[in-house]
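See below for the structure under consideration.
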Amino acid sequence: MPDILQQDIMYLTGVGPNRKKLLSSELGINTFADLLEYFPYKYVDRSKVYKVSELTGDMAFVQVVGHILSFETFSMGVHKERVVAHFTDGTALMDLVWFNGGKYAREHYKVGRQYLVFGRPSVFNNRIQIQHPDVDEFGADSTELDDKSLGMRPYYNTTEKMKKSNLTSKGVERLVHNLLDKLTQPLPETIPPFITSKLHLVSRDQALRAIHYPPDAKQLSQARVRLKFEELFFVQLNILRYASDQRRKYLGFVFPRIGDIFNTFYYQCLPFSLTGAQKRVMHEIRSDMRSGRQMNRLLQGDVGSGKTLVALMAMLIALDNGFQACMMAPTEILAEQHLATLRELLTGMDIRVELLTGIIKGKKRKEVLAGLLDGSVQILVGTHAVIEDTVQFSRLGLVVIDEQHRFGVAQRAKLWGKSSPTPNPSREGEGSMHTNQQTNVTTPLPTAGGAGGGAAVGAIPHVLVMTATPIPRTLAMTLYGDLDVSVIDELPPGRKPIQTVHVFDSRMTSLYDGIRRQIQAGRQVYFVFPLIEESEKMDLKNLEQGFETLCQVFPEYRLSKVHGRMNAHDKEEEMQRFVSGQTQILVATTVIEVGVNVPNASVMVIIDAQRFGLSQLHQLRGRVGRGAEQSFCFLVTNYKLSEVTRKRIDIMCETNDGFRIAEADLKLRGPGDLEGTQQSGMAFDLKIADIARDGQLVQMARDEAAIVIGEDPQCNSAKYQSLWQRLSEIRKTDINWSAIS
């Protein structure tokens with residue numbers, strides 16, 4: 001059976017070379033197995049056959065059995081015609097109507113022959129009609145009532161190109177029908193019976209047949225659960241296998257010491273008492289850094305929750321143990337912000353913190369590079385410039401990455417080679433932990449069979465990934481399932497929740513008056529627009545037009561303008577004018593979503609807020625509320641809002657909880673639309689499971705995968721060989737990206 005599933009789709013009845021090219025290019029279907037796993041997107045219950053006399057214009061889809069009495073053709077202009085077939089089942093008359101495809105209907109459907117007709121009835125000139133119906137022959141030699149054609153009929157997504165070649169949903173269904181008829185033997189199982197029995201899952205054969213032609217709603221539900229679980233199980237098995245391999249193969253530098261540097265900062269320089277969440281996260285990081293395994297930890301926390309402070313304390317632990325630390329940011333202005341924050345926090349301490357970005361050149365750049373090599377630069381803050389070949393550290397022990405999704409996994413991998421494995425004599429006295437035998441030794445491990453395997457390598461830097469984008473638990477479990485996750489879910493004391501208000505664009509004059517009062521009180525304001533230039537397709541206010549309007553509304557104030565098409569120098573210059581307070585209003589696109597810290601900015605106005613996702617609105621709102629004063633976020637829309645958009649706006653006005661917002665966004669938009677999911681390294685395409693709605697199955701799949709990994713970490717147990725074999729068949733990559741975080 002596995003051999004037949006791997007057969008070229010070209011050899012399936014009804015395909016051939018031309019359709020094979022179409023199926024391959026449009027849907028990625030190349031084999032029998034690919035078609036079998038191309039699932040319907042909806043079903044229509046066709047279990048009941050109506051009489052024509054029972055039909056009304058208010059009914060949904062129906063089907064009737066009868067014969068065609070005659071055809072009529074009506075001209076509708078040049079090269080256009082309406083074809084009508086008069087149809088009866090003996091109880092009443094109705095019309096079958098084609099505005100397109102009438103020629104095909106006249107040539108293929110015969111007067112007097114029995115047909116099964118399916119479609120949505122309507123009334124025209126006091127007579128029932130069905131426009132563009134599905135028509136199948138019906139009789140002893142064709143469709144019967146117990147055939148797959150009846151019951152719950154599947155509908156498949158197709159493309160315009162396919163439809164032009166008559167590969168509509170119905171055409172794809174015919175191919176699936178042919179394939180299932182060809183598969184006379186039960187389909188092979190992919191999950192062992194000790195798992196399927198425990199979870200009461202139907203067989204794979206039963207699920208794959210029922211997902212295309214479900215006998216009833218119950219069996220359709222059982223098929224979906226089985227296939228969703230299988231998909232999620234192998235995703236989780238792959239993730240946990242990666243994580244298990246990483247823990248066995250990659251040693252982390254051992255940092256057992258909390259020394260003078262950390263203690264001086266904690267007891268003398270800490271600007272405020274840590275929240276309970278910060279203390280909990282620090283304990284988790286501390287445990288990782290002294291464990292002997294490489295830390296790969298994702299640190300989640302809303303804007304303003306104190307992630308940077310936690311990251312700094314982690315870096316100070318590295319310094320106490322004789323190592324250097326590095327913080328990477330996605331933009332130069334954010335790197336400069338981190339530099340300023342770290343230097344301010346470390347005021348009075350003898351710690352050298354330097355910046356390395358594309359604008360650091362000449363003598364200064366040489367000084368920084370030399371300081372990294374001789375160890376005198378203890379903390380480096382930079383952008384992607386840090387991973388250039390010319391940048392080498394003396395002893396890099398910890399890498400902090402801010403806004404992880406802005407860096408590709410291959411870029412992050414380069415950081416591993418930045419640290420010299422040999423001790424630096426000039427800094428030997430600062431901490432003796434590196435003499436631990438785990439630090440620079442290659443420990444051989446048995447080579448694992450199956451999907452895992454390999455031997456341990458020398459110690460490498462710890463990695464702490466920070467993100468201000470709250471990631472829902474079920475999504476994090478899949479996209480970042482190989483990382484340990486820490487969450488800072490408290491804001492520092494004294495922060496006032498941002499007041500979020502929905503404003504219709506007809507009330508802008510009143511909004512401008514309120515903004516003017518805020519500026520008069522010494523505050524600054526953001527205006528965010530969804531577009532840079534006017535679009536003919538979308539009735540949106542654009543930034544250029546909006547900037548001109550705001551200049552007229554606020555002639556007494558100075559404005560800055562920032563968008564993604566500006567060159568880096570001009571953009572940085574405009575941002576710095578706002579940061580320094582030279583301008584009172586910053587007009588921007590979403591380039592400020594990850595931007596600078598301006599505590600004096602107290603108002604965020606988002607124009608055409610309906611065009612943004614929830615997580616993006618939350619990130620933009622996080623640009624304000626950073627000072628002690630009350631801050632405001634105004635979501636400006638027109639009156640014409642869809643139900644989903646109204647839900648988004650209402651959620652934003654109800655809560656400042658980033659995780660609640662992210663959960664809602666995941667359910668409303670799906671995981672593919674969320675910021676930060678495209679470079680996760682977990683490149684599985686989910687065909688049937690939905691992370692947003694199948695959270696319970698995600699957890700169930702992870703629990704079962706964890707049992708397998710716990711019992712067979714090196715993938716060589718005979719009990720689980722069928723699982724490892726299946727995983728190797730469906731896995732897209734053998735690269736252990738998860739070890740890079």
Taking atom types as modelled, find out whether Y43 and H212 have a side-chain donor-acceptor pair closer than 3.5 angstrom. no
Does K687 pair with E37 as a salt bridge, N-O distance under 4.0 Å? yes
On a heavy-atom basis, the closest approach of Q278 and S305 is NE2-O, 3.6 Å
CG/L175 to CG/L180 distance, rounded to the nearest 0.5 angstrom? 11.0 Å
Between E231 and K228, is there a side-chain N and carboxylate O pair less than 4.0 Å apart? no
The test is side chain to side chain contact (heavy atoms under 4.5 Å, CB included); show your working for Y11 and V15 and say whether it passes. CA-CA 7 Å; Y11 300 110; V15 181; over 6 Å; no
Can you find a heavy atom in the side chain of M162 that is under 4.5 Å from one in the side chain of V172? yes
Take atom NZ of K719 as the centre, draw a 6.0 Å sphere, and report whether it contains more than 12 heavy atoms from other residues, nucleotides or ligands. yes
So, the side chain of S221 versus the backbone of A217: is there a donor-acceptor pair under 3.5 Å, distance only? no
Under a 3.5 Å cutoff, is there a donor and acceptor pairing between the side chains of E284 and S486? yes
Less than 4.5 Å apart, side chain to side chain, heavy atoms only: is that true for V465 and R297? no
Aromatic plane relationship, H177 with Y213 - under 30° parallel, 30 to 60° tilted, over 60° perpendicular: perpendicular
Would you say the side chains of S24 and N30 form a donor-acceptor pair under 3.5 Å? yes
Under a 3.5 Å distance rule, please check whether N321 uses its side chain to pair with a backbone N or O of R257 as donor and acceptor. yes
Mutual orientation of the aromatic rings belonging to F255 and H462 [parallel < 30°, tilted 30-60°, perpendicular > 60°]: perpendicular
Determine yes or no for a side-chain-to-main-chain donor-acceptor pair under 3.5 angstrom, with E189 supplying the side chain and R204 the backbone. yes
Which heavy atom in R290 sits nearest to a heavy atom in V254, and how many Å separate them? O-CG1, 3.8 Å
I'd like to know if R224 pairs up with D690 as an ion pair, taking the criterion as any Lys NZ or Arg NE/NH1/NH2 lying under 4.0 Å from an Asp or Glu carboxylate oxygen. no
Check whether the side chains of Y720 and E711 place a donor and an acceptor atom closer than 3.5 Å, and report yes or no. yes
What I'd like to find out is whether the side chain of Q699 reaches to under 4.5 Å of the side chain of L232, using heavy atoms alone. no
Does this structure show an ion pair linking R280 with D489, if we count only N-O contacts that are shorter than 4.0 Å? yes
Mark yes or no for whether E490, through its side chain, and A277, through its backbone, hold a donor-acceptor pair below 3.5 Å. yes
Going by heavy atoms in the side chains, are K307 and Q300 under 4.5 Å from each other? no
Looking at Q725, is its backbone amide N or carbonyl O close enough to the side chain of S728 to form a donor-acceptor pair, meaning the two atoms are under 3.5 Å apart? yes
Please report the shortest heavy-atom distance between V386 and C326, naming the atom on each side. CG1-SG, 3.7 Å
Regarding E26 and T159, do their side chains bring together a donor and an acceptor under 3.5 Å, going by distance alone? yes
Please name the pair of heavy atoms, one in P192 and one in S722, separated by the smallest distance, quoted to 0.1 Å. CG-OG, 4.2 Å
Tell me whether the rings of F253 and F323 are parallel (<30°), tilted (30 to 60°) or perpendicular (>60°). tilted
Is there a donor-acceptor contact under 3.5 Å from the side chain of S25 to the main chain of K21? yes
Please step through side chain to side chain contact (heavy atoms under 4.5 Å, CB included) for the pair L187 and L5, ending with a clear verdict. CA-CA 9 Å; L187 296 165; L5 289 179; 4.1 Å; yes
Hey, does the side chain of Q324 reach the backbone of R395 with a donor-acceptor pair shorter than 3.5 angstrom? yes
Using distance alone, with no hydrogens and no angle criterion, decide if D712 and W724 have a side-chain donor and acceptor under 3.5 Å apart. yes
Gap separating the CD atom of E230 from the CG atom of L697, nearest 0.5 angstrom: 12.5 Å
Could you check whether any side-chain heavy atom of L251 comes within less than 4.5 Å of a side-chain heavy atom of Q294, counting everything from C-beta outward? no
For D402 and M328, indicate whether the former's side chain and the latter's backbone hold a donor-acceptor pair under 3.5 Å. no
So M10 and R19, do their side chains get closer than 4.5 Å, heavy atoms only? no
Side-chain touch L727/L723, heavy atoms, less than 4.5 angstrom: no
Closest approach of P214 and L220, non-hydrogen atoms and distance? CB-CB, 3.6 Å
Please determine whether side chain to side chain contact (heavy atoms under 4.5 Å, CB included) holds for the pair V399 and L464, giving the CA-CA distance in whole Å, both sets of side-chain angles, and the decisive distance to 0.1 Å. CA-CA 6 Å; V399 178; L464 180 66; over 6 Å; no
Measure from the side-chain N and O atoms of E704 to the backbone N and O of M700, and report whether any donor-acceptor pair falls under 3.5 Å. no
Less than 4.5 Å apart, any side-chain heavy atom of I191 and any of R226? yes
For P461 versus L398, what's the shortest heavy-atom pair and its separation? CB-N, 4.3 Å
Taking D320 for the side chain and G259 for the main chain, is one N or O donor matched with an acceptor at less than 3.5 Å? yes
